[in-house]
Amino acid sequence: MKLQKLTIKNLASIEDAVIDFENGPLSEESLFLICGETGAGKTTILDAICLALYNETPRMDHAENEKYKDLSQTFSAKKEDVAINDSRQLMRRNTSEAWTELEFTGSNETPYTARWYVARAHRKISGAVQDVRWTLENNKSGAQLNKKNEFHFQPDWYRGIEYPKEQERGYDFNEDLYVPGYFEVDIKKGESVVFSGGVSEASTRTLKKTFEEEMEERTPRDNFQHCLINAAHQFLNKQNEESYILAGYPWFKCRARDMFIALPGLTLAIDEVAKFESVMETARKAIHDFINDEPNDLKIYEMEHPDVLLWAVWCIQQYAKMVSRDKCREKYGQLLEEIMEYLRRENHPNLFLHSNGLLYANGTEKAITWMNSTVNGHPVIPRTGYIVEINALWYNALCFVGELVGETGNNNLAETLQTLAEQTGKSFIDTFLNEYGYLLDYVDGNMMDWSVRPNMIFTVAFDYSPLDARQKKGVLDVVTKELLTPKGLRSLSPKSGGYNPNYVGPQMQRDYAYHQGTAWPWLAGFYFEAYLRIYKMSALGFIERQLIGYEDEMVSHCIGSIPELFDGNPPFKGRGAVSFAMNVAEILRVLYLLSKYNY
């Protein structure tokens with residue numbers, strides 16, 4: 001703590017004083033001595049500092065149980081017992097008010113003003129002494145109203161506030177809340193008062209005008225789509241002239257995979273192309289630095305995960321579909337070629353192109369896909385080897401980039417990628433498609449994960465798939481029967497071992513349940529896209545009915561947004577982060593896909 005300024009008024013032996021610790025000679029010394037004659041106010045200075053900070057002073061502690069009868073009624077309007085250690089006793093005789101105010105900088109580098117104030121009733125010397133008003137103000141924040149008002153200092157503490165949800169999750173759940181006072185303002189029937197809270201002072205005369213202007217600019221929240229658009233805007237984060245997509249609120253950063261999956265829905269689906277291009281420009285730098293093993297200070301995390309670059313290709317592919325294929329070639333053609341060459345030449349630290357055309361990744365010791373829950377340093381679901389969505393992404397990327405570079409005249413690379421795609425497609429079916437008509441989740445040598453998980457749905461949803469129409473429908477049917485809920489796709493079928501649908505309890509319990517049956521709305525985006533590919537126009541009514549489950553969320557959990565995940569069993573309660581970028585994005589992208597049918 002660093003003291004800056006102390007103001008004293010009518011306190012003990014000091015009538016009026018200001019001590020400035022930031023100007024000489026005090027500012028030049030780290031240690032100083034308070035000295036002077038008896039009655040000069042040496043102890044009063046210490047009293048003033050302690051009262052401002054703690055509402056008590058140590059020198060009065062010894063008289064804790066001592067009282068006297070106020071026969072002269074100088075302290076109150078009644079002849080009552082008065083505690084000798086009552087800090088109000090420090091107010092000078094024959095005065096109507098007293099205070100001390102201390103300005104200081106805390107250990108967190110935040111400036112504060114601590115105030116201790118006491119007055120007699122009606123500010124009259126004959127009035128009874130009122131209760132102390134004690135407050136601590138953060139000088140970086142402020143509150144203002146657009147109408148004349150009076151702030152009443154009535155500091156109080158609400159002790160032992162408990163948060164049951166935090167207690168359930170195994171976190172600290174008990175704290176004290178401080179309330180400095182309240183505003184009092186006259187208001188007429190039908191009148192509006194604008195309140196402003198911020199880190200800098202605003203002009204109160206223009207508060208109403210500013211409020212009305214901002215109301216005009218804000219996204220209306222009068223229907224389902226508008227609520228989601230408003231939520232989409234909240235994920236865009238700008239830092240140092242770079243643009244990012246936050247993965248969710250309140251605790252997520254910008255994660256590479258989440259960013260690439262969410263970006264088309266958060267921008268292109270709502271016709272905000274410039275925002276897509278701004279974020280992708282930052283992402284391009286991150287990709288370039290990662291591919292070339294160069295350091296950077298960009299705030300995009302988990303770029304090293306093996307599926308991230310493939311999701312980047314998918315993200316750019318949506319730009320080609322939703323904006324312009326020509327503009328895509330012009331803006332991102334070179335980047336796509338660099339990504340594909342980087343992967344094809346096996347330069348990625350954890351993605352290896354095998355002779356069968358499939359990509360192999362090691363996930364035994366570290367979680368490497370979106371199913372990333374970890375307990376005691378080890379992945380709960382050690383997805384390793386040939387991972388189904390990584391190879392679905394790989395096949396889709398080979399076909400898309402192969403066609404795109406062929407359009408630019410790079411026939412050699414186009415032919416190379418198309419040839420590799422044919423090999424990958426055949427190996428994909430041989431490796432993942434099982435006798436029951438669905439896809440294995442991952443395969444590592446003789447280890448095959450037969451769990452029914454939602455990762456197979458991407459193979460049906462993507463523009464390019466190694467599956468034929470009958471195989472796609474078979475996969476879609478299994479997902480519909482075992483994974484579909486009103487709030488998304490389950491991360492594991494109830495029929496599979498280890499099904500754990502309720503995301504509740506302390507951290508470890510929740511980590512084990514995170515991808516073992518909980519439902520994720522963003523997966524429903526790809527499911528609905530797959531459903532449209534199979535059933536086309538006849539799918540519209542079904543998808544509209546399914547979307548009701550997400551519209552219901554606009555008035556619960558986080559108002560106007562969709563939470564991170566839901567329990568996999570009824571009543572499908574929302575859990576996790578209160579607002580999740582991929583969920584909002586994919587539902588917006590579904591609404592965009594439905595709009596293309598012009599119904």
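Atom OH of Tyr54 is surrounded by 12 or fewer heavy atoms from other residues, nucleotides or ligands within 6.0 Å. Counted within 6.0 Å of CZ on Phe211, heavy atoms from surrounding residues, nucleotides or ligands total 12 or fewer; the atom is thus considered open. Counting non-hydrogen atoms of neighbouring residues, nucleotides and ligands closer than 6.0 angstrom, the OH atom of Tyr158 reaches no more than 12 such neighbours. Atom CG of Asp552 sits in a crowded spot, with more than 12 heavy atoms from other residues, nucleotides or ligands closer than 6.0 Å. By the 6.0 Å contact criterion, CG on Asp186 is open, its count of non-hydrogen atoms from other residues, nucleotides or ligands being 12 or less. Atom CD of Glu191 has more than 12 neighbouring heavy atoms from other residues, nucleotides or ligands inside a 6.0 Å radius.
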- Message: Using side chain to side chain donor-acceptor pair (under 3.5 Å), reason through Glu564 and Tyr514 one step at a time and then give a plain yes or no.
- Response: CA-CA 11 Å; Glu564 183 181 1; Tyr514 201 37; 2.2 Å; yes
- Message: With side chain to side chain donor-acceptor pair (under 3.5 Å) as the criterion, how do Glu101 and Tyr117 come out once you've worked through the C-alpha distance, each side chain's angles and the decisive distance to 0.1 Å?
- Response: CA-CA 8 Å; Glu101 180 178 282; Tyr117 177 88; over 6 Å; no
- Message: Would Thr57 and Asp47 count as a side chain to side chain donor-acceptor pair (under 3.5 Å) here? Give the steps.
- Response: CA-CA 6 Å; Thr57 178; Asp47 287 338; 2.6 Å; yes
- Query: Can Phe224 and Tyr550 be said to form a ring pair (Phe, Tyr, Trp, His ring centres under 6.0 Å), step by step?
  - Reply: CA-CA 9 Å; Phe224 180 39; Tyr550 306 98; 7.7 Å; no
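Annotation: side chain of Leu102 is not in contact with side chain of Thr113 (no heavy-atom distance under 4.5 Å). Side chains of Asp567 and Pro501 form no contact here, defined as non-hydrogen atoms less than 4.5 Å apart. Within the 4.5 Å cutoff, side-chain heavy atoms of Leu594 are placed close to those of Leu547. Using a 4.5 Å cut-off on side-chain heavy atoms (C-beta onward), Trp116 and Ser87 make contact. Between Ile245 and Asp258 the shortest side-chain heavy-atom distance does not fall below 4.5 Å. A heavy-atom distance below 4.5 Å is not found between the side chains of Val479 and Leu484. Within the 4.5 Å cutoff, side-chain heavy atoms of Leu228 are placed close to those of Ile562. Asp511 is not listed as a side-chain neighbour of Thr374, based on a closest heavy-atom distance of 4.5 Å or more.
Panel note: side chain Ser278, backbone Ala274; no donor-acceptor pair is recorded below 3.5 Å. Side chain of Arg510 to main chain of Gly505: a donor-acceptor pair is present (N/O by atom type, distance under 3.5 Å, no hydrogens or angles). Here the side chain of Asp444 pairs no donor or acceptor atom with the backbone of Met447 at under 3.5 angstrom. Without hydrogens or angle criteria, Thr100 side chain to Ala48 main chain gives a donor-acceptor distance under 3.5 Å. In this structure a side-chain-to-backbone donor-acceptor pair under 3.5 Å is present from His348 to Asn350. Of the possible donor and acceptor atoms, one in the side chain of Arg490 sits under 3.5 Å from a partner among the backbone N and O of Gly568. A distance-only check finds no donor-acceptor pair linking the side chain of Ser561 to the backbone of Ser579 [under 3.5 Å]. At distances below 3.5 Å, not a single donor-acceptor pair connects side-chain atoms of Lys487 with backbone N or O atoms of Gly574. A donor-acceptor distance shorter than 3.5 angstrom exists from the side chain of Asp449 to the backbone of Ser451, with no hydrogens or angles considered. Under a 3.5 Å cut-off, the side chain of Asn583 and the backbone N or O of Trp522 do form a donor-acceptor pair.
For Thr105 and Lys2, the side-chain atoms include no donor-acceptor pair closer than 3.5 Å. No hydrogens or angles considered: a donor-acceptor pair under 3.5 Å links the side chains of Thr219 and His233. With no hydrogens or angles considered, a side-chain donor-acceptor pair links Gln516 and Arg453 at under 3.5 Å.
Glu389 has a carboxylate O that lies under 4.0 Å from a charged side-chain N of Arg383, or vice versa, which qualifies the two as a salt bridge. Salt bridge status for Arg159 with Asp176: present, with a side-chain N to carboxylate O gap under 4.0 Å. Between Glu212 and Lys209 there is no salt bridge, since no side-chain N of the basic residue sits under 4.0 Å from a carboxylate O of the acidic one. Salt bridge status for Lys366 with Glu304: present, with a side-chain N to carboxylate O gap under 4.0 Å. For Lys285 and Glu242, the salt-bridge test passes: some basic side-chain N is under 4.0 Å from an acidic carboxylate O.
A ring-ring contact (aromatic ring centres under 6.0 Å, His included) with Phe458 is found for exactly one of Trp311, Trp370, Tyr527, namely Trp311. Checked options Trp520, Tyr503, Tyr499; the residue passing with His515 is Trp520 (criterion: ring-ring contact (aromatic ring centres under 6.0 Å, His included)).
A cation-pi arrangement is absent between Lys299 and Tyr244, since the terminal nitrogen or guanidinium carbon is not both under 6.0 Å from the aromatic centre and inside a 45° cone about the axis. A cation-pi geometry, defined here as NZ or CZ lying under 6.0 Å from the six-membered ring centre and within 45° of its normal, does not hold between Arg255 and Phe260.
The aromatic rings of Phe462 and Trp314 lie tilted to each other, with the angle between the two planes from 30° to 60°. The aromatic rings of Tyr112 and Phe104 sit parallel to each other, their planes meeting at less than 30°, with 60° as the upper class boundary.
Remark: aromatic rings of Tyr171 and Tyr163 are distant, center separation not under 6.0 Å. Aromatic ring centres of Tyr531 and Phe542: separated by under 6.0 Å.
For the pair Ser243 and Thr282, the tightest heavy-atom approach, listed with the atom from each and the gap, is N-OG1, 3.0 Å. Residue Val475 comes nearest to Leu439 through the heavy atom pair CG2-CG, 4.0 Å, listed as atom of the first residue, atom of the second, then distance. Pro220 and His226 get closest at one heavy-atom pair: O-CB, 2.8 Å. Minimum interatomic distance between Gly265 and Arg589 (heavy atoms only, all atoms of both residues): CA-CB, 4.3 Å.
A distance of 9.0 Å separates CG of Asn455 from OG of Ser491, quoted to the nearest 0.5 Å.
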